[in-house]
Amino acid sequence: MSIKIKNIRIRGIRGAKESLELPLFGRSLLLYGDNGTGKSSISDALEWFYTNRVSHLSSGEIDLKDALRNATLTEQDVSEVSVSYTKGEDLNATKSLFVRRGKLGTEFTNTTEVFMKYLEDSTRENLLLRYQYLRDFIDNTKGDKLKYLSDIIGFSEVTKKKDVLRKSYNSLKTEIKNQNFEAQINTQKTILIEKIGAAISRKKDLIEVINKKVTPLKTDIEVKKMEDINFLLEHLKKGANGKLSEELTFLEKIKAVTDTLKSEIEFINTEYGKYYKEFEKIAGDVESIMQTFLAELLQTGDAVLAKKYHKEETCPLCLQPKSIEELRGEIAARLKEIEESSKKKARFDKAKQSVGAIAIERIKRLDNVLLEKLIKSEEHKTVHAGIFALKEKIEKFQRASKEKVTSGNKIPNSDMIEIKTADFDFQSVVADRIKEIKKIQEKDNSAVVYSDVSASKDAFLKIKFFEKERIKLENQRKSLEIIYNEFIKKQKEGLENFINTFSEKINGFYQYMNPEEPFQEIKIVTIGEEDELNGITIEYKYNGEWVSPPQKYFSESHLNCFGLSFFLASVEAFNENNDFVLLDDVISSFDTIHRKRFAELIFEKFSKYQIILLTHEYDWFKNFVSPLAKQKNWIINEIKWTEDKGTFLNENPADLKERIEKSITESNIEGLGNPIRIYLEHSLKEICVNLDVKVSFRYNDFNEKRMPDELINALKSRIKGKSKELKEEFPTIERVANSAIFGNLLSHDNPFNPKIGDLKAFWADILELENIFICDKEGCKRPKVSLKNYDNVLNNIRCGCGKTTYDWK
């Protein structure tokens, strides 16, 4: 969007007691001021305007709003920061800080959707750098470095999507494992081998075996498709003992289900053992785990505060007085503590879900058996009791998986509820009865064939069902795996491409400031394995060897050079809307060479940006930066502070005049009233001094704060008793007096809306007043009419050359 600042006006903020105005019109500014003169009032004001915080005032012991307001203000005074822009007047806004009902509150004059979006977007850009934060990125942990870049480039949002994919992928893997298709298929294959002598896998092979089995019975029925098997079984059932056949089918079903479950003893017990260990870990640290349930609330709260949905300096939940900045800092600290606990809880949740899913699946299998009508018969009560006991044992696993770790209750350890081989002793009763039935059926070949065909058909269909389910889940898993891997690949490629480009910029700026030094090829490197990125570090070549981190060999000046290079690279990489940057005393610890190279870097590489450069280093300001700034048409000024005025810019009349005339030529009236009034005060003071005009005495610095109307009245009184010729100029002086009231209106907040014509007339009156007391002859060395040039013979006052003369008694 290429936004630059047109004007900044600060009043009642930090050191700026009165109105401090920076009319930039998109130009860069070089500002010198000794420590304590209030330079940082400008950076504090802009940081607060954009972020509602001031980084160096974010201590829990400091009330930000109270610290921001100038200490001399009364409760009736309003502190404010006004910013206007060269592009997009709909973005112009004033942020005020005021006392209401004993509390400090803030508000923007501009609350449009366009401005609020601009403000939110700007918080993600790099607009301001202070010396004390140069090394923040370097000194951060590897994880915090990654988070910093991730949040800015949107990588954290991509990571969230990756986590959703990974969760879905892992869920499918877990379901495949919990279903244990292999065990269920192997059980059915065992039945096929037992019944028809082969673990066949094709329909045509099953049909062929069945036809061979029934041939001796001469049924005249040929099985050609699966549906024909049911017709064959109906035919065989007529000639067989139906009751025995039904019982055999029932018992073989029980045997298949319990054999499968028995083969899973180790698998089930192992999964429960993992869950028990994780439960014990969490139970021993309930306090920290309890905090994880607040993570979403804290994140939501932080989002509410960040997006300024809640603007009062109170907690949005309890409404108790609280600094928003301090509250956000506390939320960030708590979320960091919760992060490690969340990892523990994630491992626990995974184990818990696995045990629960395994238990539910096995209970479902046993419930299917317990629904059989023969299970409750007297002759099968031992079998019923055995299966019911198995179900009760597995239900203990299920109940344990439902236990809340925060309840304070314990869950049974593995030894207490593990499934044992002895739990399947009732199977011997099932096996014995199956043998009895088969022995009886040996006399009835139809019954044997019926049993074999029925069981083999059911086993074959179950195998096909299990294989189909497994393939379906495996295909889903594979599809997700492909998507996930491609996502990771693209994610890594995108991040690596960005980091490589970003590193080149950092290295370029660093090498510019550090030519021919042993630190080369500085770059940012990601840390992590496979799909996990754990952090970011900084590497560089030192005497041909790769070294990390910079603190190992860098001096303080080199570290600060890197911090500055990182910030400037971030400006180019991330600032999409704003083309202005404020640099507050960033070269304080730089040696002479680095200071010179930094100055050259700013003017050569960042010429398209509007730079607001603040410094207290006078030699650097005077000898290095000012000459370059003048060549590039920067605004150059000095900032000062007095107890009476606070922080102020001491603009000389010549500079003011140039600025005023430029604004009038361009018909730019914004913020023009105050400079015109200040210029008028300068001009009137000089006239009054030259004519020895007397004004009433005031204490201390208040003599310096004469208003234009007061000076004009004193000037008229002086002229009235001294000069008839100057009395003839009273109409001009009166017009200026009337215009002075107009200028005073323009210098303060009010609904008055001036036109360019009004301002032109006001300025013309001032120039006409000046012309009365200034000689217009070219070459006049002392053009100002003054008592210093008084002629005792002719009794007049004049300029140095004598062309402009007035009688004077």
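Just so you know, these numbers come straight off a predicted model, no measurement behind them.
With hydrogens and angles disregarded, a donor-acceptor distance shorter than 3.5 Å links the side chain of Ser479 to the backbone of Asn475. The backbone N or O of Asn577 lies less than 3.5 Å from no partner atom in the side chain of Tyr118, so there is not a single donor-acceptor pair. The main-chain N or O of Lys420 is found under 3.5 Å from a side-chain atom of Asp423 such that the two form a donor-acceptor pair. A donor-acceptor contact shorter than 3.5 Å links the side chain of Gln184 to the backbone of Gln179. No donor-acceptor pair closer than 3.5 Å links the side chain of Ser451 to the backbone N or O of Val448.
Under 3.5 Å, the side chains of Asp259 and Gln427 contain a donor-acceptor pair of N or O atoms. Of the N and O atoms on the side chains of Asn230 and Lys457, at least one donor lies less than 3.5 Å from an acceptor on the other residue.
Residues Ala459 and Leu192 come closest through the heavy atom pair CB-CG, 4.0 Å. When all heavy atoms are compared, the tightest approach of Leu261 to Arg362 is CD1-CG, 3.3 Å.
Under the 4.0 Å criterion applied to side-chain N and carboxylate O atoms, Lys393 and Glu418 are not assigned as salt-bridge partners. With respect to the salt-bridge test (charged N to carboxylate O, under 4.0 angstrom), the residues Glu469 and Lys472 qualify. A salt bridge links Arg365 with Glu361; the closest basic N to acidic carboxylate O contact falls under 4.0 Å. Using a cutoff of 4.0 Å between basic side-chain nitrogens and carboxylate oxygens, Glu208 and Lys213 are not scored as salt-bridged. For the pair Lys195 and Glu252, the salt-bridge criterion is met [side-chain N within less than 4.0 Å of a carboxylate O]. The residues Glu194 and Lys438 are annotated as salt-bridged, a charged nitrogen and a carboxylate oxygen being separated by less than 4.0 angstrom. Note on Arg470 versus Glu182: salt bridge recorded, some NZ/NE/NH1/NH2 to OD/OE distance being below 4.0 Å. Salt bridge absent: Glu436 and Lys439 never bring a charged side-chain N and a carboxylate O closer than 4.0 Å. For the pair Arg399 and Glu392, the salt-bridge criterion is not met [side-chain N within less than 4.0 Å of a carboxylate O]. Taking the charged nitrogens against the carboxylate oxygens, Lys274 and Glu271 do have a contact shorter than 4.0 Å, which makes a salt bridge. At a threshold of 4.0 Å, the pair Glu278-Lys352 does not count as salt-bridged, since none of the basic side-chain nitrogens sits closer than that to a carboxylate oxygen.
You'll find the side chain of Ile221 stays beyond 4.5 Å of the side chain of Asp228, heavy atoms only. Annotation: side chain of Tyr276 is not in contact with side chain of Val355 (no heavy-atom distance under 4.5 Å). Looking only at side-chain heavy atoms (C-beta outward), Glu467 and Ser201 stay at 4.5 Å or farther from each other. Residues Glu379 and Arg433 form no side-chain contact, since every pair of their non-hydrogen atoms from C-beta on lies 4.5 Å or further apart. With a 4.5 Å cut-off on side-chain heavy atoms, Ile394 and Ile419 count as touching. Looking only at side-chain heavy atoms (C-beta outward), Ile191 and Asp458 stay at 4.5 Å or farther from each other. Contact check for Lys523 versus Asn507: no side-chain heavy atoms found under the 4.5 Å cut-off.
Using bins of under 30°, 30° to 60° and over 60° for the plane-to-plane angle, the ring pair Phe348/Phe279 lands in the tilted bin. A parallel orientation is assigned to the rings of His384 and Phe388, their planes being inclined by less than 30° (bins at 30° and 60°). Below 30°, between 30° and 60°, or above 60°: for Phe574 and Phe502 the angle between ring planes is between 30° and 60°, a tilted geometry.
Of the residues Asn186, Thr187, Leu461, Ile185, the one that meets the side-chain contact (heavy atoms from CB on, under 4.5 Å) test with Phe466 is Ile185.
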Checklist entry - For Lys478 and Glu481, what are the C-alpha separation, side-chain angles and deciding distance, and is it a salt bridge (Lys or Arg N to Asp or Glu O under 4.0 Å)? => result CA-CA 5 Å; Lys478 287 176 182 176; Glu481 185 176 25; over 6 Å; no
